[in-house]
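Bear in mind the structure is a predicted one, so any value in this text is a computation, not a measurement. Letters A, B, ... are given to chains in the order of the sequence lines, protein chains preceding strands, and every chain is numbered from 1.
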Amino acid sequence: MSQVSVLYNDQETKVDPGTKAAALIKTLVPEEERKKIIAARIDGRAIDLSTPVTGDSKIEFISSDSPEGLNILRHSTSHVMAAAVRKLFPGTKVAIGPSIESGFYYDFDKKTPFIPEDLQAIEAEMKKIIKAGEPYVREEISSEKAVELFEEMGEDYKVELIRDLNVPTVSIYRTGDFVDLCYGPHIPSTSYIKVFKLLTIAGAYWRGSEENAMLQRLYGTAFLTKEELDDHLFKLEEAARRDHRKLGKDLDLYSMHEVAGAGLAFWHPNGGRIRRIIEEFWYDEHYKRGYEVVYSPHIARVNLWKTSGHWDFYRENMYSPMEVEGQEYLVKPMNCPFHIIIYNTKKRSYRELPYRVAEMGTVYRYERSGVLHGLLRVRGFTQDDAHIFCTPEQLKKEMLNCVDLAFFLMRTFGFEEYEVNLATRSESYIGTDEEWDMAESTLAEALTEHGIPFIKDEGGATFYGPKIDIKLKDALGRLWQGPTIQFDFNLPRRFDTNYVGPDGKEHLVYMVHRAVLGSLERFFGCLIEHYAGAFPLWLAPVQAKMIPVTDRQIPYAEKVQEELKKAGFRVEIDGRNEKVGFKIREAQLAKIPYMVIVGPVEEESGNIGVRHRKQGDIGKMNIEDFIARMKEEVESKAIL
RNA sequence: GCUGGGGUAGCUCAGUAGGUAGAGCACAUCCUUGGUAAGGAUGAGGUCGGCAGUUCGAUCCUGCUCCCCAGCUCCA
């Protein structure tokens, strides 16, 4: 029999046809790398190591420490979990069990709910399976036979999956006596699983549709080493430590109240301070960049919402109408119709475009109770909204300006990493293909010219226009929805929003919606988590806490406070009858940037003792120097 | 909205086989005047989420409801 050629790392090797991928490892891969190999790729297709090479091909090996390898390992672990569940809870049906971002899950249909103690029992059972080193045996069988097989086992969900696949053959994997419909690939045997942990129990709809049965989902994760697992668990704890709902309470930033209703935020004085600073910075920056600030009402007659299309397309997110003197009014879920009303108050010339109006507009949207989440998902929120009305020729420049503003603001708040998405038209959309082509390519050009790499989200646009979404990466590497810039073909048509061009004729205006912070509530929540509550000096609600050593220094502390206040700083005195250490501890826990200690020594020499929340005691300095230091820190918006 | 888990003092939580509850921190008063992450004593503080039902009696059992948490689905 003639040999086939295998290409690995551009090196050609001749092998007998039918040689398994695993057998090639020894001849092709240096010894120190072999141990980590868990799967392979032939001509780009991921396969098991037990797969034979049948013809001339290019081979690559997948190492367990690559992202792809880790996914395979986790997916394989999910099979072990399913096997354990089936053994411990006979009669439980299995649905699907993929690997996900940081682990894996498997969905089960079980009569009674899982309880937390079940997880331990399942883990113990999994350990047995892992110890037994069961191989993952792949088999290709006809769909017919597969249906028979899974029907016999009572695995209705698998049967449904096979029927929907509608292909002649499917692959199944056997691990011990557990059989699963699976595309693969898998690790060679369960002994390849090193460390894993089951994390949570949750509900999930079969195939993600709320029309379907609710299944029980078990989440878990797997890693190569215990250190990596511990690191992951530590990150989860760290995320919990930074949770804005906890910090919001601890730092007295905001609250929510059962008596007021779900999803409605109350900004406390500390949160209010931060919000005002953000808002003032935002207004200044907008005026600098040629925006005008407007204010609009919170309610409007239902007719307006019929014209805008919200009544037809957005009603499930809007609150029921209220009747006022026989007229129905609706609370606004968006600001755009109001800004259009302002634009439409007179005939506009191309000479006055672009017309940019910005508003911190508070809107209310009905959100299903289950989706509410602290400040990140609420029912009433203030958008940092703006609408730009321009000519087609101006569109690109306006997009660039928006992107520029977005990045400027985000960087100022300390976000350095982003993911940019360009969402293009979906199946149903309004407007013509030419318009969409133009808008989509303009958005793409704006990003490209700015040297901003982006991901194309095909079909991700709303029905009324394409958009750019910017996601922020926070201090823990989590992504948050940040700025969004959306093009709108719809509203100008509906409101007949136009301008008179140089040709003396009326043209439909081009309209851009954009929000940079998104909503103040969500952005604030995100900021809290990003800084873990330790706001930089320019944002900190209390910038310095005066700590008199004894109550005899209170008058001196008041004198210093006066000077600091005069210089424009937010300073409080802790005049309580407590020891210095105690007051420092409290100020530290309140994450106040500076503590100013004044005792007899300082009073006598007319200076202050300064302590920074992160650097600790930074020694004595005179008041002017401290003011200069803080000024510099505030003006540069430094993140310390 | 759905599945599961919850709601006890301002906060974090314990507790009651059904007989109206407790700790630590915070708060108040007093003692202490103390130098870079917790000094001491005393005290006040609760419709045990809300409404109904069962019961001689409900924080505890039942039903409904509101709110919160983990997900699913959906979004700024």
Rounded distance (Å) that lies between atom [atom2] of [N] and atom [atom1] of [X]:
X	N	atom1	atom2	value
A/L119	B/G4	CG	C1'	12 Å
A/D107	B/U3	CG	P	16 Å
A/W480	B/C75	CH2	C1'	14 Å

Write down the distance separating the [atom1] atoms in [N] and [M], rounded off to the nearest Å.
N	M	atom1	value
B/C25	B/A38	P	14 Å
B/A17	B/C60	C1'	10 Å
B/A28	B/G63	P	44 Å
B/C61	B/C74	C1'	38 Å
B/U59	B/U20	C1'	8 Å
B/U33	B/C27	C1'	22 Å
B/G24	B/G19	P	24 Å
B/C30	B/A37	P	28 Å

Assess whether one donor atom and one acceptor atom, taken from the side chain of [X] and the base of [N], lie less than 3.5 Å apart.
X	N	answer
A/E602	B/G35	yes
A/Y366	B/G1	no
A/R585	B/U36	no
A/E367	B/A76	yes
A/R522	B/C75	yes

Checklist entry - Can you tell me if A/R570 uses its side chain to pair, donor with acceptor, with the backbone of A/Q543 under 3.5 Å? => result no
Next on the checklist: Could you check whether any side-chain N or O of A/N270 sits under 3.5 Å from a backbone N or O of A/L251, counting only pairs where one atom can act as donor and the other as acceptor?
Outcome noted: yes
Next on the checklist: Ring of A/F104, cation from A/R74 - is the NZ or CZ under 6.0 Å from the centre and inside 45° of the axis?
Outcome noted: no
Next on the checklist: Does A/R289 qualify as a cation-pi partner of A/F408, given the criterion of NZ or CZ under 6.0 Å from the six-membered ring centre and within 45 degrees of its axis?
Outcome noted: yes
Checklist entry - Testing A/M334, A/H513, A/H387 for side chain to side chain contact (heavy atoms under 4.5 Å, CB included) with A/H339, which one passes? => result A/H387
Checklist entry - Among A/H530, A/K473, A/K471, which residue meets the side chain to side chain contact (heavy atoms under 4.5 Å, CB included) test with A/F415? => result A/H530
Can you identify which nucleotide, out of [options], has its nearest atom closest to the [X] side chain?
X	options	answer
A/I597	B/U36, B/G34, B/C75	B/U36
A/F582	B/G1, B/A38, B/C75	B/A38
A/Q486	B/A37, B/G1, B/A76	B/A76
A/R365	B/C67, B/C75, B/U36	B/C75
A/T550	B/C72, B/G34, B/U36	B/G34
A/Y205	B/U36, B/U33, B/C2	B/C2
A/M214	B/G71, B/G35, B/C74	B/G71
A/Q481	B/A37, B/C74, B/A76	B/A76
A/K249	B/U12, B/A76, B/C74	B/U12

Item to check | Partner residues of A/R275 under the side-chain contact (heavy atoms from CB on, under 4.5 Å) criterion, sequence neighbours left out | outcome: A/W267, A/E279, A/T382, A/L520, A/E521
Counterpart base for [N], defined by Watson-Crick or G-U wobble contacts under 3.5 Å:
N	result
B/C56	B/G19
B/C51	B/G63
B/G45	none
B/G71	B/C2
B/A26	none
B/U33	none

Next on the checklist: Closer than 4.0 angstrom, basic N to acidic O: yes or no for A/R207 and A/E160?
Outcome noted: yes
Does [N] have OP1 or OP2 under 4.0 Å away from a side-chain N or O of [X]?
X	N	answer
A/H373	B/C68	no
A/R245	B/C11	no
A/Y219	B/C72	yes

Checklist entry - If you look at every heavy atom in A/Q216 and A/T112, which pair is closest and at what distance? => result NE2-O, 3.0 Å
Checklist entry - Start at the 5' end of RNA chain B and walk down; is the nucleotide closest to A/G374 or to A/P113 reached first? => result A/P113
Checklist entry - Which residue lies toward the 5' end of RNA chain B, A/F381 or A/E586, if each is placed at its nearest nucleotide? => result A/E586
Checklist entry - When every nucleotide of nucleotides 41-51 of chain B is labelled 5' to 3' by its protein contacts under 4.0 Å (heavy atoms), B for base, S for sugar-phosphate only, - for none, what sequence of letters results? => result --------B--
Next on the checklist: Can you list everything that forms a ring-ring contact (aromatic ring centres under 6.0 Å, His included) with A/Y291? Sequence neighbours excluded, please.
Outcome noted: A/H286
